Amino acid sequence: MSKVSLDGRVAIITGSGAGIGRSHALELGRRGAMVVVNDLGANLDGSGKSTSAADAVVEEIKSAGGKAVANYDSVATTQGAENMVKTAVDAFGKVDIVVNNAGIVRDKGFAKMLEEDWDLVQSVHLKGSYNVTRAAWPVMKENNFGRIVFTSSGVGLYGNFGQANYAAAKMGMIGMMNTLRIEGAKNNIFLNAIAPNAASRMTEKVMPPPIYERLKPDYISPLVAYLCSEQCKESGMIFNCMGGWYSRTAIMCSDGVILGLGKSEVTAEEIMENWDRIIAMENMKTIGSVQESFAYLSPLFK
Ligand code: NAI
């Protein structure tokens with residue numbers, strides 16, 4: 001087996017003072033990456049801050065023989081994200097890798113969810129991923145190399161009671177990735193998303209103990225290390241990962257049905273009549289861009 005090496009690469013890993021991010025930082029550090037350990041040191045609901053979480057992980061990486069520096073900014077601010085990139089460039093000369101991992105939760109049933117619960121969750125997950133990616137983008141373009149990982153969630157991809165704010169943010173980053181995949185390709189900037197499940201303070205009260213004990217964050221980081229490596233040429237994919245299970249998940253399109261052939265009008269009754277064909281999941285394919293989706297209309301132009 002050839003080795004997945006991150007030697008000489010510079011990685012910013014957001015929220016890597018604890019949980020899954022800490023595991024990524026240690027794994028990337030072990031594989032030779034120089035790591036900016038970003039962590040605001042926030043509570044699970046986004047309140048508070050502390051420098052100790054990031055500092056502890058930097059020490060762990062250094063004592064294992066790796067290179068790391070801490071950054072305590074919030075991903076939710078443009079200035080914070082720019083500082084992260086500056087920290088990386090000042091300490092190690094560049095940025096090759098961004099793992100957007102920082103996260104909080106403000107779970108509530110939709111009727112009880114306050115606007116601030118919505119806004120704060122968007123600002124950390126979606127805007128935060130935008131901020132750090134945007135700040136690193138010009139450096140990656142300049143160096144003709146970039147690997148970016150978005151931390152999405154099964155909650156966004158598949159749904160979960162009480163997490164409309166979080167689900168929207170986690171799906172929003174998939175939309176951002178789909179477009180950046182197209183924009184980044186010519187500069188060797190590849191982006192992928194993971195939908196992890198792992199034991200952390202975020203899940204300790206919601207996962208049954210027998211499951212919690214087996215879903216170690218260490219199972220997530222090897223996938224992230226590979227996605228961040230030069231060997232990985234994949235871009236725009238989404239991966240489920242938990243407890244040693246790795247699988248691709250995707251937004252797909254079926255053949256569906258063409259009604260009216262662009263000449264006659266289509267009625268609601270025809271839609272109802274053809275419902276089984278419209279929703280049939282037959283011949284499913286992924287679509288590489290919005291332009292590609294127009295291929296389904298080709299019978300109109302014959
Ligand atoms: P965690 O709560 O253990 O770690 C999150 C870290 O992010 C904390 O150290 C926190 O201080 C930091 N953070 C929070 N807000 C920040 C901000 N504004 N700027 C910088 N750092 C900030 O959570 P966990 O479980 O490790 O989650 C990591 C990521 O994985 C999150 O994006 C989460 O939504 C996602 N995720 C986790 C799942 C799980 O099963 N644990 C499931 C699906 C997704």
Side-chain angles (χ1 to χ4, degrees), residues 12-27 36-58 70-84 87 98-107 119-132 135 149-160 163 165-174 193-208 211-221 223-224 238-243 245 249:
I12 297 174
I13 307 176
T14 70
S16 56
I20 301 174
R22 170 180 167 274
S23 167
H24 298 337
L26 298 176
E27 172 69 7
V36 175
V37 177
N38 157 262
D39 206 293
L40 179 64
N43 298 313
L44 197 49
D45 66 357
S47 62
K49 59 179 178 176
S50 153
T51 56
S52 58
D55 285 343
V57 176
V58 167
N71 169 280
Y72 317 110
D73 285 301
S74 171
V75 294
T77 68
T78 314
Q79 184 64 53
E82 282 168 3
N83 281 345
M84 281 169 225
T87 303
V98 168
V99 182
N100 289 300
N101 166 83
I104 60 164
V105 281
R106 291 206 161 196
D107 300 349
D119 287 346
L120 194 63
V121 165
Q122 303 304 319
S123 72
V124 174
H125 290 277
L126 184 55
K127 182 82 188 295
S129 296
Y130 156 77
N131 281 335
V132 183
V149 175
F150 292 102
T151 307
S152 183
S153 167
V155 170
L157 300 169
Y158 316 122
N160 193 33
Q163 293 197 289
N165 50 356
Y166 181 85
K170 291 301 199 186
M171 208 49 191
M173 56 180 75
I174 300 296
I194 59 165
N197 271 307
S200 76
R201 66 178 184 175
M202 198 177 269
T203 47
E204 65 184 337
K205 295 206 174 77
V206 291
M207 274 181 194
I211 296 179
Y212 184 84
E213 279 147 28
R214 300 194 70 162
L215 298 194
K216 301 200 181 343
D218 306 10
Y219 282 118
I220 314 299
S221 305
L223 171 62
V224 168
I238 313 166
F239 299 95
N240 295 302
C241 49
M242 58 168 146
W245 176 54
T249 186

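Each ligand, and each atom within it, is numbered from 1 in the order the structure gives. What you see is a predicted model; the values in this text were computed from it and never measured.
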Can you see which heavy atom on [X] is nearest to which on [Y], and at what distance?
| X | Y | result |
| --- | --- | --- |
| A169 | H125 | CB-CB, 3.7 Å |
| S52 | S50 | OG-OG, 2.9 Å |
| R201 | A42 | NH2-O, 2.8 Å |
| G17 | R22 | C-CB, 4.1 Å |
| G243 | Y219 | CA-CD1, 3.6 Å |
| S16 | A25 | CB-CB, 4.0 Å |

Does M84 form a side chain to side chain contact (heavy atoms under 4.5 Å, CB included) with N131? I'd like the steps, not just the answer.
CA-CA 10 Å; M84 281 169 225; N131 281 335; over 6 Å; no

Per the side-chain contact (heavy atoms from CB on, under 4.5 Å) rule, which among V98, N100, N101, I194 passes with V149?
I194

So which protein heavy atom does [atom] come closest to, and at what separation?
| atom | answer |
| --- | --- |
| atom 32 (O) of ligand 1 | N101 O, 2.7 Å |
| atom 4 (O) of ligand 1 | A18 O, 4.2 Å |
| atom 14 (C) of ligand 1 | G103 O, 3.5 Å |
| atom 21 (N) of ligand 1 | L40 N, 3.3 Å |
| atom 42 (C) of ligand 1 | P196 O, 3.0 Å |
| atom 25 (O) of ligand 1 | S200 OG, 2.4 Å |
| atom 2 (O) of ligand 1 | R201 NE, 2.8 Å |
| atom 36 (N) of ligand 1 | Y166 OH, 3.5 Å |

Record the part of [X] in heavy-atom contact with ligand 1 below 4.0 Å; permitted values are side chain, backbone, both and neither.
| X | result |
| --- | --- |
| M242 | neither |
| A102 | both |
| R22 | neither |
| S152 | backbone |

Relative to the heavy atoms of [X], which atoms of ligand 1 are at a distance of less than 4.0 Å?
| X | result |
| --- | --- |
| T203 | 39 (C), 40 (O), 41 (N) |
| D73 | 19 (N), 20 (C) |
| H125 | 32 (O), 34 (O) |
| N197 | 40 (O), 42 (C) |
| G41 | 11 (O) |
| S153 | 43 (C), 44 (C) |
| G19 | 3 (O), 26 (O) |

Can you check whether [X] has an N/O within less than 3.5 Å of an N/O in ligand 1?
| X | value |
| --- | --- |
| T151 | no |
| I20 | yes |
| A198 | yes |
| L44 | no |

Can you tell me how far apart CD1 (I211) and OG1 (T203) are? Round to the nearest 0.5 Å.
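So the CD1 of I211 and the OG1 of T203 are separated by 11.0 Å.
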
Does some side-chain heavy atom of F150 sit less than 4.5 Å from a side-chain heavy atom of I174?
no

Measure the shortest side-chain to side-chain distance between L157 and K170 over non-hydrogen atoms and say whether it is less than 4.5 angstrom.
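Of all side-chain heavy-atom pairs linking K170 with L157, none is under 4.5 Å.
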
Could you tell me if any non-hydrogen atom of [X] lies under 4.0 Å from any atom of ligand 1?
| X | result |
| --- | --- |
| A53 | no |
| G128 | no |
| T14 | no |

Side chain to side chain donor-acceptor pair (under 3.5 Å), paired with N71, selected from T51, D39, N38, N83
N38

So, D45 versus N43: side-chain donor-acceptor pair below 3.5 Å or not?
no

Looking only at the side chains, is there a donor atom on one of Y72 and D55 sitting less than 3.5 Å from an acceptor on the other?
yes

Residue selection (non-hydrogen contact nearest atom 10 (C) of ligand 1) among D39, N38, I104:
D39

From atom 27 (O) of ligand 1, work out which of M207, M173, M202, E204 has a heavy atom at the shortest distance.
M202

Tell me whether Y130 at atom OH has more than 12 heavy atoms from other residues, nucleotides or ligands lying less than 6.0 Å away.
no

Hey, mind stepping through E27 and V224 against side chain to side chain contact (heavy atoms under 4.5 Å, CB included) and telling me if it holds?
CA-CA 9 Å; E27 172 69 7; V224 168; over 6 Å; no

